[in-house]
J.: 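Just passing along the structure, written as structure tokens.
Letters go in sequence order (proteins before strands), and every chain restarts at 1.
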Amino acid sequence: MQANPQLRALNRFGLGARPGEAGAIDPRSWLRQQINPNATRMKGLELPSAQDLAETVMSSRARDDKAQARKELRKLGRETFGREATAAIAHAMTTDNPFAERLVRFWSNHLAVSTVGEPVVSLTAGAYEREAIRPHVFGRFEDMVQASARHPAMLIYLDQVRSFGPNARAARNNRRGLNENYARELLELHTLGVDGGYDQRDVEQLALILTGWTIGGYIRQGAEGAATPFTFVDAMHEPGSKTLLGRRYPEGGEMEGSAAISALCRHPSTARFIATKLVRHFVSDQPHPLDVDIIAGVYLDTDGDLDEVSLALLDLDGALYGPERKIRSPQDFLIAMGRCLGLTSIQRKGLAGLISLRHAPWSPGSPAGFADTAVEWGDPDGLLCRVDLARLVVRSSRTILPDAGGFAASVMEVRNPALLNAMLAEQSSAVDKTALIFASPDFQWR
Amino acid sequence: MTHRFLNRRSFLASACAGGLATSFAPSISFAESATDQRFVFVLLRGAMDGLHAVVPYGDPAYRSARGQLAYESSALTPLDSTFALAPGLSPLAPAFMDGELLPVQGLAIPYRTRSHFDAQSILETGLDKPVGSASGWLNRTLGVIGGASGAGIAVGGGLPTSLRGDVPVATWAPKVQRDGDEAFLADLSHLYNQDPQLADSFTAALNLQEQAMVMASSGGKRGLAMFDELFSATGRFLAADDGPRIAAMEFSGWDTHAGQGKAGGALDRRLEALANGLLTFKATLSPDVWSKTVVLVSTEFGRTVATNGTGGTDHGTGGTAFLFGGAVRGGRVIADWPGLASNQLFEGRDLRPTLDTRQLLKGVLGAHYDLRHAELDSVIFPNSGSTRALDGLLI
């Protein structure tokens, strides 16, 4: 099958072609013009900030009726999550910068938080993506990791918020102490990768370095601090020097953690790990080593400038022309249908469909984030759930296509047009014609 | 959907396109296939704290080594002089007495890592090091025993690595309602048959559709209620005469870095849901099928012996598994117990592993499916010839 570079740009690097769009773009310039910090902004929304949420959480924790307060917080978490998730999907359906949005979604998943079993993360996951991820998608990777490390969603999700140095002032005379969860995942999942050259001692040293990084007012120590999304509490911090990856970090309070993150982000293992994930996301389930070398090289040469890294992705051999295909994730499948039909919002049932497909926003089963391959998303039950979701979306949109075959060819690369047209002719209703296109195998790929 | 509509479709199906009719022939039938034995692999993702489940209360160092998370003795159900069931697992005590529960302690994969993802990869691929794209040992087992398409099923969470591979398998998750327009699906199956990567998957989905349609589902329960719902569904799949024979299930939520709790706490409630789910599963099977059934509950590694600074435990090494089923020779705990004193720990912090997980897996599969050494040592668990299968696990 001849690759169609316009559709590749719109589908593989974007969030789904709109009818007629493919004929109107030059693929490379359409993609390049989206590499622009303004392209990642989400505007016109009355959604809460981390600061709002920190105040909400702290005032909830200060209440005497603990059980009732927790119940209300869970309810608020569910409501906020619903608003945030529908807003994020609607934004993805309507944005004119879908490549930039794909990168937002990639990085948000790379530095994943999860709302599963975490009411406070349900409150803050949307704010996390807006505040820690979006501003840095075309900035430096290190700035994104520094922002992620200081965001309440991540501080809570990976337990950093209550990790105390064993010899810290605030840990004496009580049973508070170290929690190495965040430090391990910062090394394994956010920067170096599991084979990146660290050991258990490095995990523990990084955990000590990061002690004191918490949410303002979260830890009770008599004198309550103000509710802020991030604060460094010296009384929680392990005193003395630490050694990470052979480098000594003299006692330096919060700056120890900043310096450690900076060093991790400049590490060659981080460049390779990031490059592998990007190539897997945009080009192939089995990233080619040469592609990984190219992207890792750009990353190291530019000190992790994601502007340059994103640009380099577009020039890889397999990006717009190769035979490889990538499967759409369930969210991207839903978003692509919405873009095809010109929808501007999703219904509650659409979100329920994503839950059935195990791809509700910000809800991966682990801090590794959602997987990114056909074997993960092409399972039998998942395909039937996509059929259900296609019929649901089409039925509720009531779109009538005068020329279903032409519509199909304008939004996806059709493997066998004659067979598709024959099956479209079988459908007795306009709804079924459109649903068949969305449920077809060709629409699952990009 | 009207009858007229269906009739028109049935007519079309037989009138045109030869492949259409066959694409809906029921092909899930397992009767001609090799086995009646049922096997379920339950993976607890996130690393269940085995010392909090099968509690080494008789170890002299237990209390001092564990710290604030040590259970009160009165909360425990003793199994022998060393081990006791956690309060949440006490619903399984009668099964232990009846010889249907076999806990195994001090187990680890053959590769030292405290990464969830590497450890799960090794546990599910059955290899001795992490290899991203490898197939799973459950799928290779299906291949060896001649499992037809439809002999394997993953319940609840997509297609786990353990069941990925050459043999097509089904996946199923609870739905409130399935939009089951057969004619529409038949038309789609024509298109999917042309897709080299998704054809098998779509066929497996359609094959399961008939069974799943008649399975009443309350529809996507959340939280701890998931255990009962998914175990019940798995039981009903395996109970069917022509149903699957090997199932994979998974549950997350075991990564208890903080606030793990003791009796009635967060982890204990999850253990209780697991125990009750296992009993629900048993209740869905006839005594005859139950006598041919083995459930293996496993997790990627154990957790630190000591309580961490936040009332939880961090990633460790030696861990815990259970066998449960009518075919299990239980009523005892398998452990070559290394002890919990600080000089007995692995790297000064974890339970020292004394058993390779593959010893357990090979012992179970070998006995259950009457497999040859060559199949176990090189096909299902490649390069594991020097890892001896545990004997005497099953009746």
Side-chain angles (χ1 to χ4, degrees), chain A residues 116-117 158-159 162-166 171 175-181 184 188-189 194-195 200 203 285-286 325 327 352 355-356 358 365-368 374-385 387-388 391-392 415-416 419-420 422-423 426-428 432 435-436 439-442 444-445, chain B residues 5 8-9 12 17 45-46 67-68 113-118 130 133 154 157-159 164 168-173 175-176 178-179 181 183-185 187-188 190-192 194-195 197-199 201-206 208-209 220 223 252-253 255 257-258 307-312 314-315 347:
Chain A
V116 175
L158 292 179
D159 304 309
R162 47 195 160 174
S163 179
F164 288 71
R175 293 193 287 196
R176 291 158 159 183
L178 199 64
N179 184 309
E180 64 186 39
N181 197 11
R184 178 182 303 282
E188 178 180 336
L189 300 176
V194 70
D195 300 320
Q200 175 60 30
V203 172
D285 285 0
Q286 275 87 42
R325 300 183 301 171
I327 199 166
I355 292 170
S356 289
R358 298 173 288 114
S366 82
V375 70
E376 188 69 34
W377 291 127
D379 75 289
D381 187 67
L383 294 181
L384 286 189
C385 287
V387 176
D388 290 345
R391 290 167 71 88
L392 174 85
R415 174 178 288 270
N416 185 336
L419 184 62
L420 179 64
M423 290 303 126
E426 293 288 304
Q427 309 309 312
S428 58
D432 282 352
L436 189 87
S440 75
D442 295 335
Q444 312 316 313
W445 297 106
Chain B
F5 184 62
R8 186 183 73 83
R9 291 318 182 98
L12 276 177
R45 291 192 193 275
Q68 70 180 93
T113 176
R114 292 187 183 91
S115 155
H116 290 301
F117 313 101
D118 268 2
S133 58
L159 182 57
R164 290 179 190 169
V169 297
T171 61
W172 182 88
K175 303 284 172 318
V176 179
R178 171 121 272 162
D179 190 340
D181 181 335
F184 186 77
L185 292 175
D187 291 343
L188 270 179
H190 275 304
L191 299 171
Y192 276 89
Q194 304 273 312
D195 189 298
Q197 275 168 279
L198 297 176
S201 185
F202 200 74
T203 305
L206 295 186
L208 192 68
Q209 176 86 336
S252 55
D255 195 17
H257 284 280
T307 309
N308 71 9
T310 53
D314 292 322
H315 301 183
E347 295 184 351

J.: With chain B as the partner, which of A:A374, A:A368, A:G365 has the greatest number of non-hydrogen pairs under 4.5 Å?
T.: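 Top option by heavy-atom pairs under 4.5 Å: A:A368.
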
J.: Considering only heavy atoms, which portion of A:W377 lies under 4.5 Å from any heavy atom of chain B: side chain, backbone, both, or neither?
T.: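 Neither part.
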
J.: Using a strict cut-off of less than 4.0 Å between a Lys/Arg side-chain nitrogen and an Asp/Glu carboxylate oxygen, indicate whether A:R184 and B:D314 qualify as a salt bridge.
T.: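 No.
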
J.: Do you know which of A:N181, A:L419, A:L178 has the most heavy-atom pairs under 4.5 Å to chain B?
T.: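 Option with the top pair count is A:N181.
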
J.: Drop me the distance from A:E180's CD to B:H315's NE2, to the nearest 0.5 angstrom.
T.: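 So the gap between those two atoms works out to 7.5 Å.
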
J.: Which answer fits A:D195, side chain, backbone, both or neither, if we ask what part of it has an atom under 4.5 Å from a heavy atom of chain B?
T.: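 Contact with chain B is through the side chain of A:D195 alone.
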
J.: Is any side-chain heavy atom of A:R162 closer than 4.5 Å to a side-chain heavy atom of B:H257?
T.: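 They are not in side-chain contact.
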
J.: Test your reading of the model: is there a side-chain donor-acceptor pair from B:S115 to the backbone of A:V194, 3.5 Å cut-off?
T.: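 No.
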
J.: Please name the pair of heavy atoms, one in B:F117 and one in A:S366, separated by the smallest distance, quoted to 0.1 Å.
T.: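 Shortest heavy-atom contact: CE2-OG, 3.1 Å.
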
J.: Taking atom CG of B:D195 and atom CZ of A:R325, what is their separation to the nearest 0.5 Å?
T.: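 One gets 4.5 Å once the value is rounded to the nearest 0.5 Å.
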
J.: So which of A:A435, A:G382, A:A352 has the largest heavy-atom pair count under 4.5 angstrom toward chain B?
T.: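 Maximum pair count with chain B is reached by A:A435.
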
J.: Would you name the heavy atoms of A:D379 and B:G158 that are closest together and state the gap between them?
T.: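 Heavy-atom minimum between the residues: OD2-CA, 3.8 Å.
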
J.: If you look at every heavy atom in B:S201 and A:L383, which pair is closest and at what distance?
T.: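 What the structure gives for the nearest pair is OG-CD1, 3.6 Å.
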
J.: In Å, rounded to the nearest 0.5 Å, how long is the span from CG of A:L436 to NE2 of B:H190?
T.: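 Going from CG on A:L436 over to NE2 on B:H190, the span is 11.0 Å.
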
J.: At a 4.5 Å cut-off on heavy atoms, which part of A:Q444 comes close to chain B: side chain, backbone, both, or neither?
T.: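 Side chain only.
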
J.: Which atoms form the tightest heavy-atom contact between B:A258 and A:D159, and what is the distance?
T.: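 What the structure gives for the nearest pair is CB-OD1, 3.8 Å.
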
J.: Quick one: what part of A:E188 sits under 4.5 Å from any heavy atom of chain B, side chain, backbone, both or neither?
T.: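 Side chain only.
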
J.: Within the structure provided, determine whether A:V203 and B:R114 are in side-chain contact (heavy-atom separation under 4.5 Å).
T.: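 Side-chain contact under 4.5 Å: no.
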
J.: Quick one: of B:N308, B:L159, B:T113, B:L191, who has the most non-hydrogen atom pairs under 4.5 Å with chain A?
T.: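 Sorted descending by pairs with chain A, the first entry is B:L191.
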
J.: Could you grab the distance from atom CG of B:D187 to atom OG of A:S440, nearest 0.5 Å is fine?
T.: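 That separation rounds to 12.0 Å.
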
J.: At what distance, to the nearest 0.5 angstrom, does CG of A:L384 lie from OG1 of B:T171?
T.: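 Atom-to-atom, A:L384:CG and B:T171:OG1 are 8.0 Å apart.
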
J.: Which atoms of A:L158 are under 4.5 Å from chain B, going by heavy atoms: the side chain, the backbone, both sets, or neither?
T.: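 Neither part; nothing is under 4.5 Å.
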
